[in-house]
2 protein chains.
Amino acid sequence: MAGQRPVATLATVAEAAGVSRQTVSNALNSPELLRPDTLARVQEAIETLGYRPNRAARNLRTRASHLVGLRVEPALEGTASGLMDRFLHSLVETCRTADLHVLLFTAEDVNDPLDGYDGLLQSAAVDAFVVTDTYRGNPAASWLDQHQVPFVAFGRPWGEPTATHPWVDVDGHAGVAAAVDHLVDRGHRRIAWVGWQDTSFIGEDRRGGWLARMTERGLPTEGWELRGEDTVDYGRRAAHDLLDRAEAPTALLCVSDTVAMGALHALAERGIHPGPGGVGVVGFDDSLAAQLVTPGLTSLRQPLEQIGVEVVRLLKDRLELRTSDEPHVILSPELVVRGTT
Amino acid sequence: MAGQRPVATLATVAEAAGVSRQTVSNALNSPELLRPDTLARVQEAIETLGYRPNRAARNLRTRASHLVGLRVEPALEGTASGLMDRFLHSLVETCRTADLHVLLFTAEDVNDPLDGYDGLLQSAAVDAFVVTDTYRGNPAASWLDQHQVPFVAFGRPWGEPTATHPWVDVDGHAGVAAAVDHLVDRGHRRIAWVGWQDTSFIGEDRRGGWLARMTERGLPTEGWELRGEDTVDYGRRAAHDLLDRAEAPTALLCVSDTVAMGALHALAERGIHPGPGGVGVVGFDDSLAAQLVTPGLTSLRQPLEQIGVEVVRLLKDRLELRTSDEPHVILSPELVVRGTT
DNA sequence: GTGAAAGCGCTAACAA
DNA sequence: TTGTTAGCGCTTTCAC
């Protein structure tokens with residue numbers, strides 16, 4: 001543990017060990033070059049002095065900061081998400097094992113999706129970026145890609161076939177298909193899709209899972225879907241709409257937990273019990289709300305921990321110029337079954 | 001916007017502006033020293049070249065990293081919190097305006113509350129820390145304080161009268177007292193406290209608000225309280241216990257949203273309507289769950305945005321050796337009224 | 001008001 | 001295998 005003692009430098013350690021500064025540097029960066037006894041002597045000096053190489057000096061010399069930039073956006077309230085916590089922890093934790101740290105920044109102008117990146121790059125404050133805000137499409141990703149800045153995206157470059165950067169994404173299609181299977185196994189046949197506008201690539205991916213699997217199972221989809229925005233209120237209205245019909249669905253498969261929460265509101269308002277014996281409800285994200293809501297919301301859990309690991313792996317590859325020819329990872333979400341099914 | 005163009009340095013700019021490197025440096029750090037026309041010429045060169053001072057070089061020279069370390073803990077699931085997002089954004093945003101950045105790190109050994117700090121300090125990777133994990137008490141705060149490391153805590157140093165470091169905290173007492181007023185105004189008289197164990201300083205602070213205000217209002221408290229841990233299940237059991245009594249409370253004032261969510265579960269199980277006409281429920285934190293749960297949970301909102309601002313202000317004071325003689329800020333949470341009252 | 005010199009702590013290249 | 005030299009890009013004296 002540090003104390004008030006003056007911070008040790010290479011010179012201090014070198015003197016203590018009776019070697020030159022360079023030898024100490026080698027002990028740290030290329031220990032195989034040293035004779036075992038010299039190495040031991042140097043390591044002991046490092047230990048007793050509590051020496052840690054000065055970051056700024058090392059960064060200056062090696063032209064690398066070992067820092068990864070991540071732009072944080074204002075937390076969206078009123079939606080179930082709140083997934084950032086989990087992802088961030090996983091990212092930071094994995095970065096530690098890769099001798100990297102995460103530097104957070106915000107935009108001066110929130111409406112400029114490119115704001116902030118260039119400054120950090122020009123001042124060599126970071127070596128690379130992680131880009132996460134892919135839900136709304138991401139101009140930052142294409143800009144970084146074009147400028148050959150090292151970065152990894154959480155989220156596919158939907159609709160940008162020329163993109164060449166590494167990315168990690170979640171298989172919404174497969175996840176929702178698995179949810180269909182689950183509902184069918186539970187005896188459901190009339191399974192409605194409560195989705196987003198068709199302008200959302202992610203929404204379309206998820207919807208595709210419903211459509212494909214329902215069709216495979218020989219179940220009807222025509223007329224069994226609704227579209228809207230990612231709000232609780234839309235989920236509520238959509239559920240009411242569907243349940244008002246003469247032939248009402250027995251299960252609501254929702255594009256997000258936020259929408260699913262709205263559906264649960266609607267059920268409560270109609271005095272319908274969610275889950276077995278009532279109407280099944282499934283969400284997507286496994287947000288905190290899903291875990292805490294009254295009967296427990298069945299939901300597709302984002303594999304954020306694995307995503308963090310994969311992001312850092314690809315980042316390391318990129319930074320060390322290792323070329324993965326297919327630097328893309330798609331991970332499946334896991335269905336977490338709770339009270340609503 | 002950067003391009004592929006080589007990154008500009010002081011020398012590049014100096015040449016372009018026809019001055020020496022030092023003059024460019026002065027233009028940046030002490031512009032008042034330059035003659036207006038020289039300054040203008042230099043600034044134009046900086047602009048056209050897109051020059052940004054190299055961080056590593058500046059850090060090395062000035063012995064300051066302009067980085068603030070924040071240790072992130074694994075996200076607690078199954079609790080309503082999820083407040084980190086909001087706090088983090090506010091912190092990072094305010095840091096930007098103070099020419100600071102936030103560096104995230106994790107502990108190698110999660111069980112060692114001190115792990116990670118010393119390394120960053122020794123390697124001069126950060127200038128200061130923000131410490132947030134004060135809910136469980138914080139050894140890191142006292143260690144940093146003892147070693148005279150610049151840092152600001154979010155959370156009071158409960159039970160450590162010798163602590164001298166700056167901190168920002170939320171007035172749980174005042175918040176809960178306001179909630180009592182609110183409930184009384186709504187006609188409630190039998191208001192039970194669903195709290196934490198008395199080993200939690202924060203829990204005791206909040207409970208104190210209930211106790212004091214109830215007493216002031218001439219309402220009974222004896223026997224109207226329960227204690228337990230911060231889980232949904234405890235909240236559920238506590239609510240059942242209280243509502244089983246011959247003289248049952250008409251409102252449940254809960255120490256956290258997590259506990260309040262449990263209470264809502266219990267009400268649902270008993271077929272009791274939360275809110276007016278049924279049983280009032282109030283939580284603490286204004287978590288996402290509070291916003292999304294069926295009738296909307298009335299809750300005390302943590303002023304995280306202001307907290308971030310105050311934390312950075314105190315941090316700046318500390319880093320620039322400005323001595324605030326009372327570097328402590330206590331902010332009141334705001335009661336957000338929703339369906340459950 | 002501007003410029004020259006020195007050096008922060010480190011590592012890459014080369015010499016011994 | 002170890003030591004010497006040089007220099008990363010910046011700021012801080014101190015001359016001019």
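Lettering follows sequence order; numbering is per chain, from 1.
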Between [atom2] on [N] and [atom1] on [X], what's the gap in Å once rounded to a whole number?
X: A/R63; N: C/dG9; atom1: CZ; atom2: C1'; result: 16 Å
X: B/N59; N: C/dG7; atom1: CG; atom2: C1'; result: 16 Å
X: A/Q122; N: D/dG9; atom1: CD; atom2: C1'; result: 14 Å
X: B/N26; N: C/dT2; atom1: CG; atom2: P; result: 9 Å
X: A/L28; N: C/dG9; atom1: CG; atom2: P; result: 16 Å
X: B/R21; N: C/dG1; atom1: CZ; atom2: P; result: 22 Å
X: B/L10; N: C/dA4; atom1: CG; atom2: C1'; result: 15 Å
X: A/L49; N: C/dG9; atom1: CG; atom2: P; result: 15 Å

Original post:
In terms of side-chain heavy atoms, does B/T106 have a donor or acceptor partner in A/E93 at a distance below 3.5 Å?
Top reply: yes
Original post:
Have B/N26 and B/Q22 got a donor and an acceptor in their side chains that come within less than 3.5 Å?
Top reply: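 Judged by distance alone, the side chains do not pair up.
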Base, sugar-phosphate alone, or nothing: which one does [X] contact when heavy atoms must sit under 4.0 Å apart?
X: A/L33; answer: sugar-phosphate
X: A/N29; answer: sugar-phosphate
X: A/L34; answer: sugar-phosphate

Between [X] and [N], does any side-chain N or O lie under 4.0 Å from OP1 or OP2?
X: B/N54; N: D/dC10; result: no
X: A/R58; N: C/dT11; result: yes
X: A/S25; N: C/dT11; result: yes
X: B/T38; N: C/dT2; result: yes

Original post:
Which atom pair, heavy atoms only, marks the closest approach of B/P157 to B/H165?
Top reply: CB-CE1, 3.9 Å
**OP:** Identify, between B/R52 and A/R35, the residue whose nearest nucleotide on DNA chain D lies closer to the 5' end.
**Re:** A/R35
Select one nucleotide: of [options], the one nearest the side-chain heavy atoms of [X].
X: A/Y51; options: C/dC10, D/dG9, C/dA4; value: C/dC10
X: A/S20; options: C/dG9, D/dC10, D/dG3; value: D/dG3
X: A/Q22; options: C/dG3, C/dC10, D/dT4; value: D/dT4

**OP:** Tell me which of B/T23 and B/R61 sits closer to the 5' end of DNA chain C, going by the nucleotide each one is nearest to.
**Re:** B/T23
Original post:
Should the ring pair A/F201 and A/W158 be called parallel, tilted or perpendicular, given that the plane angle runs from 0 to 90° and is split at 30 and 60?
Top reply: parallel
**OP:** Taking the six-membered ring for Trp and the single ring otherwise, decide whether the centroids of B/F151 and B/Y117 are under 6.0 Å apart.
**Re:** no
